Amino acid sequence: MTFQVLAINPGSTSTKIALFAGEEVILKQEISHPREKIATFDSILAQFSFRYELIKETLQTTDLKQLAAVVGRGGLLRPMAGGTYEVNEAMERDLKIGVSGQHASNLGGLLARKIADDHGLPAYIVDPVVVDELAPIARYSGNAHIVRQSIFHALNHKAVARNIAKSLNKEYATLNLIVAHLGGGISVGAHQQGLVIDVNNALDGDGPMSPERSGTLPMAGFLEWAFSGEMTKEALHNELVGRGGLVSYKGTNDLRDIERQIEAGDQEARALFEAMAYQVAKEIGASAAVLKGKIDVIVLTGGLARSEAFIQEVSQYIHWIAPIMTAPGEDEMAALNGGAQRILQGIEEAKVYLGEE
């Protein structure tokens, strides 16, 4: 059967919506929100009604009689296993209070639930960034005061992994994969038979440097910087997460700018390009060790995977580990739809979010 699903993906200055019939896109719209308008709200939650009314207005001429479910981008909830979850009261409560932090994606489940309720339908979220399937051994940081956390591009990781498995005529749960999401942030995950048993915390900037993130830094130098009195904790965090990586060295988060500088003969840009690829390859090598060398495919995905030169630079270090496949870019709307479709088609069962036990 073909099911109609409405997908909702709130971002900091936009709300993306898409209506699917099976895998076919019937409607796709990005509703832009001026920064000055967003600035008038004192919290993420305060934006709810504003975005809800805009979605209703956008859909007012669209026939939703055949709609079977609504799915939203998962937000910063409590750690959970991967999969598709029905939005329940516990999830609504945790999204409203921002139990693990405030982000526009927290509105995804709330908007999905409201619109679903308007039509008497179920609402879902799929593979939020807090998906946590780490092996117990992976949680050790090296200091008893700090536990390693799993926060990464889970939606794209899982969607790409399933697509790669399908292309190989295999089940995701039967494969060992290394998936490297290469975007503004970079996350490299060791996928062992359907579970991401180790991954760098991409939200806080661990792992390789990326266009916007510093990645893992030498601790002695970082401590000197942190206690130098030059900046606040918030400013330092912004340096690590928003103004690190390419931005720190070259003032741009666009790899295409770096490639143009290389073409113009900029040797510093070339060295930086090579260094970022080198660090990605190192992280992939670490994941290969986690999987004890038993790897079916290495998958390179995300926006940076559109750069053939970057893929070649990374591949020269890792080609001997396992076959490499690329899945450039990311399609979050299709990934959200896919999660809902698997429930509606009876391929999977919706999981239950428990919240605080």
Side-chain angles (χ1 to χ4, degrees), residues 135 138 152-154 156-202 206-211 213 215-216 245-246 249 254-263 266-331:
F152 68 111
H153 306 89
N156 192 45
H157 266 252
K158 294 280 189 176
V160 166
R162 291 188 185 97
N163 289 340
I164 291 295
K166 185 177 181 180
S167 73
L168 298 172
N169 294 316
K170 299 286 184 71
E171 294 293 329
Y172 172 44
T174 68
L175 296 176
N176 283 357
L177 305 170
I178 297 172
V179 178
H181 175 101
L182 311 174
I186 290 175
S187 58
V188 179
H191 294 234
Q192 185 179 66
Q193 298 179 348
L195 299 177
V196 185
I197 63 170
D198 204 345
V199 65
N200 63 291
N201 182 339
D206 297 338
M209 77 161 107
S210 77
R213 291 165 171 77
T216 302
L246 299 185
Y249 288 96
D254 193 332
L255 187 65
R256 293 168 297 184
D257 289 340
I258 302 299
E259 290 179 309
R260 284 189 284 268
Q261 292 171 28
I262 291 171
E263 291 175 3
D266 188 328
Q267 294 304 308
E268 182 185 5
R270 177 174 295 280
L272 181 59
F273 182 91
E274 293 174 353
M276 189 165 70
Y278 173 82
Q279 291 189 15
V280 169
K282 281 177 64 178
E283 195 76 17
I284 290 171
S287 288
V290 167
L291 295 171
K292 300 178 181 177
K294 298 176 182 177
I295 303 137
D296 294 290
V297 176
I298 298 170
V299 187
L300 305 180
T301 182
L304 302 189
R306 295 190 179 100
S307 168
E308 292 184 10
F310 191 71
I311 293 301
Q312 290 174 4
E313 190 69 28
V314 173
S315 297
Q316 68 169 323
Y317 292 104
I318 62 170
H319 65 87
W320 54 274
I321 297 175
I324 300 169
M325 298 179 72
T326 60
E330 58 180 315
D331 192 339

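Remember, it's a predicted structure, so these values are computed and weren't measured experimentally.
Taking every heavy atom of both residues into account, A165 and E171 meet most closely at CB-C, 3.9 Å. The nearest pair of heavy atoms linking L195 to Y172 is N-OH, 4.3 Å. Of all non-hydrogen atoms in V199 and G189, the two that sit nearest each other are CG2-CA, 3.8 Å. Nearest approach of V290 to A190, heavy atoms of both residues: CG1-CB, 3.9 Å. Closest non-hydrogen pair, A309 versus E259, comes out as CB-OE2, 3.8 Å. Of all non-hydrogen atoms in G207 and E283, the two that sit nearest each other are CA-OE1, 3.8 Å.
Under the side chain to side chain contact (heavy atoms under 4.5 Å, CB included) test applied with L291, the options I178, I321, D296 reduce to a single match, I178.
Atom-to-atom distance recorded for L182:CG and T301:OG1 is 7.5 Å, nearest 0.5 angstrom. Atoms CD1 and NE2, from I164 and H191 in turn, are 11.0 Å apart once rounded to the nearest 0.5 Å. Separating the CD1 atom in I262 from the CG atom in D257 is a distance of 11.0 Å, to the nearest 0.5 Å. Distance CG/L300 to CD1/I318: 5.0 Å, rounded to 0.5 Å. If you take CD on Q192 and CG on L175, they are separated by 12.0 Å, rounding to the nearest 0.5 Å. In this structure, the separation between CG on L255 and CG on L272 is 9.0 Å, given to the nearest 0.5 Å.
No donor-acceptor pair under 3.5 Å is formed between the side chain of Q261 and the backbone N or O of D266. Judged by distance alone, the side chain of S210 and the main-chain N or O of G184 form a donor-acceptor pair under 3.5 Å. No donor-acceptor pair closer than 3.5 Å links the side chain of D206 to the backbone N or O of N200.
With contacts defined as side-chain heavy-atom distances shorter than 4.5 Å, the pair S187/N156 does not qualify.
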Quiz item: Could you go step by step and tell me if L304 and M276 meet the side chain to side chain contact (heavy atoms under 4.5 Å, CB included) rule?
Solution: CA-CA 11 Å; L304 302 189; M276 189 165 70; 3.9 Å; yes
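For Q193, the CD atom counts as densely surrounded, since its 6.0 Å shell holds more than 12 non-hydrogen atoms of other residues, nucleotides or ligands. Other residues, nucleotides and ligands place no more than 12 heavy atoms under 6.0 Å from the OH atom of Y249. Within a 6.0 Å radius of CZ in R256, other residues, nucleotides and ligands contribute 12 heavy atoms or fewer. At most 12 non-hydrogen atoms from other residues, nucleotides or ligands lie less than 6.0 angstrom from OH of Y278.
Using cut-offs of 30° and 60° on the angle between ring planes, the pair H181 and H153 is parallel. Ring geometry, F152 versus H157: the interplanar angle exceeds 60°, so the pair is classed perpendicular (tilted spans 30 to 60°).
Remark: R306 engages no residue in a side-chain hydrogen bond (donor to acceptor under 3.5 Å, both in side chains) (not counting sequence neighbours). Scanning for side-chain contact (heavy atoms from CB on, under 4.5 Å) contacts around Q316 gives E313, with sequence neighbours left out.
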